[in-house]
Amino acid sequence: LRCSCSVWGGLVQPGGSLRLACVVSGINFSIYPAGWFRQAPGKEREFAATITWKGGGTYYADSVKGRFTITRDNAKGTMYLQMNSLKPEDTAVYYCAVGERYATGPQLRGGAISSFGKGTQVTVSS
């Protein structure tokens with residue numbers, strides 16, 4: 001499994017927006033649930049959002065609910081994270097993840113992950 005992450009932006013002021021994209025290759029991405037995790041400096045990696053394999057179901061951490069939106073385009077093998085109303089506490093390295101097949105959002109949150117992609121830095125600062 002290979003996952004390359006792209007980010008439009010990288011450094012943004014509080015209240016701003018960024019969009020992350022993760023292109024997954026090496027597997028049939030369309031049959032796996034997936035998600036985004038993040039790791040802030042000095043903290044453990046934490047769950048941010050997950051999406052079912054068809055994209056019909058999403059699950060968010062309370063800290064990002066209402067501000068972040070996870071989507072996917074299975075035809076392109078790509079997953080996105082639209083981040084709005086960003087806060088300094090959103091500063092972290094963001095990782096895309098492919099979940100174990102049939103895993104639910106809470107299960108992905110609990111560690112049912114097949115593979116993590118390389119991280120990408122997001123910095124929210126004035």
Side-chain angles (χ1 to χ4, degrees):
L1 169 68
R2 293 183 59 188
C3 177
S4 65
C5 293
S6 301
V7 57
W8 282 268
L11 172 62
V12 65
Q13 292 186 339
S17 297
L18 282 176
R19 187 192 195 205
L20 305 183
C22 177
V23 179
V24 179
S25 61
I27 61 168
N28 183 2
F29 176 61
S30 65
I31 64 173
Y32 290 93
W36 290 93
F37 288 70
R38 65 184 185 179
Q39 186 169 17
K43 296 186 177 181
E44 294 187 352
R45 185 158 53 189
E46 64 177 12
F47 148 82
T50 66
I51 189 166
T52 55
W53 64 280
K54 275 190 174 181
T58 55
Y59 180 61
Y60 295 94
D62 288 342
S63 57
V64 307
K65 196 176 298 182
R67 300 187 299 120
F68 289 12
T69 302
I70 184 171
T71 57
R72 65 191 293 165
D73 184 338
N74 285 338
K76 296 181 179 180
T78 303
M79 177 174 62
Y80 304 94
L81 186 67
Q82 178 65 44
M83 305 185 293
N84 299 327
S85 302
L86 282 161
K87 305 175 181 179
E89 51 264 43
D90 294 318
T91 295
V93 176
Y94 283 72
Y95 299 88
C96 60
V98 175
E100 296 176 0
R101 200 165 176 195
Y102 308 122
T104 63
Q107 289 172 332
L108 264 69
R109 176 177 189 160
I113 300 296
S114 292
S115 182
F116 284 98
K118 288 175 57 177
T120 189
Q121 178 69 45
V122 171
T123 301
V124 184
S125 175
S126 55

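Heavy atoms only: backbone and side chains are in, while hydrogens, waters and symmetry mates are out.
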Pairwise distance [atom1]([X]) to [atom2]([Y]) - rounded to 0.5 angstrom:
X: Ser30; Y: Lys54; atom1: OG; atom2: NZ; result: 10.5 Å
X: Phe29; Y: Cys22; atom1: CZ; atom2: SG; result: 7.0 Å
X: Leu18; Y: Gln82; atom1: CG; atom2: CD; result: 8.5 Å

Spell out, yes or no, whether [X] and [Y] are grouped together once hydrophobic residues are joined by side-chain heavy atoms under 4.5 Å, including indirect joins.
X: Trp53; Y: Leu108; value: no
X: Val98; Y: Tyr102; value: no
X: Tyr32; Y: Leu81; value: yes
X: Phe68; Y: Met79; value: yes
X: Ile113; Y: Val93; value: yes

Please name all residues satisfying side-chain hydrogen bond (donor to acceptor under 3.5 Å, both in side chains) with [X], sequence neighbours left out, ordered by chain then number.
X: Ser85; value: none
X: Thr69; value: none
X: Thr78; value: none
X: Asn74; value: Arg72

Work out which heavy atom in [X] is nearest to a heavy atom in [Y]; give both atom names and the distance.
X: Ser17; Y: Asn84; result: OG-OD1, 2.9 Å
X: Pro14; Y: Ser126; result: CD-N, 3.7 Å
X: Ala103; Y: Pro33; result: O-CG, 3.6 Å
X: Gly99; Y: Ser114; result: O-OG, 3.4 Å

Would you mind listing every side-chain hydrogen bond (donor to acceptor under 3.5 Å, both in side chains) that reaches into residues 58-68, with sequence neighbours excluded?
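The answer is Arg38-Ser63, Tyr59-Arg109, Asp62-Lys65, Arg67-Asp90.
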For a side chain to side chain contact (heavy atoms under 4.5 Å, CB included) with Val122, tell me which candidate from Thr91, Leu11, Leu20 qualifies.
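So, applying the side chain to side chain contact (heavy atoms under 4.5 Å, CB included) to Val122 and each of Thr91, Leu11, Leu20, only Leu20 qualifies.
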Go through the structure and list residues passing side-chain contact (heavy atoms from CB on, under 4.5 Å) with Arg45, not counting sequence neighbours.
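Checked Arg45 against side-chain contact (heavy atoms from CB on, under 4.5 Å); matches are Phe37, Gln39, Tyr95, Phe116.
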Under the criterion side chain to side chain contact (heavy atoms under 4.5 Å, CB included), I'd like the reasoning laid out for Trp36 against Ile51: C-alpha separation, chi angles, the key distance, then a yes or no.
CA-CA 9 Å; Trp36 290 93; Ile51 189 166; over 6 Å; no
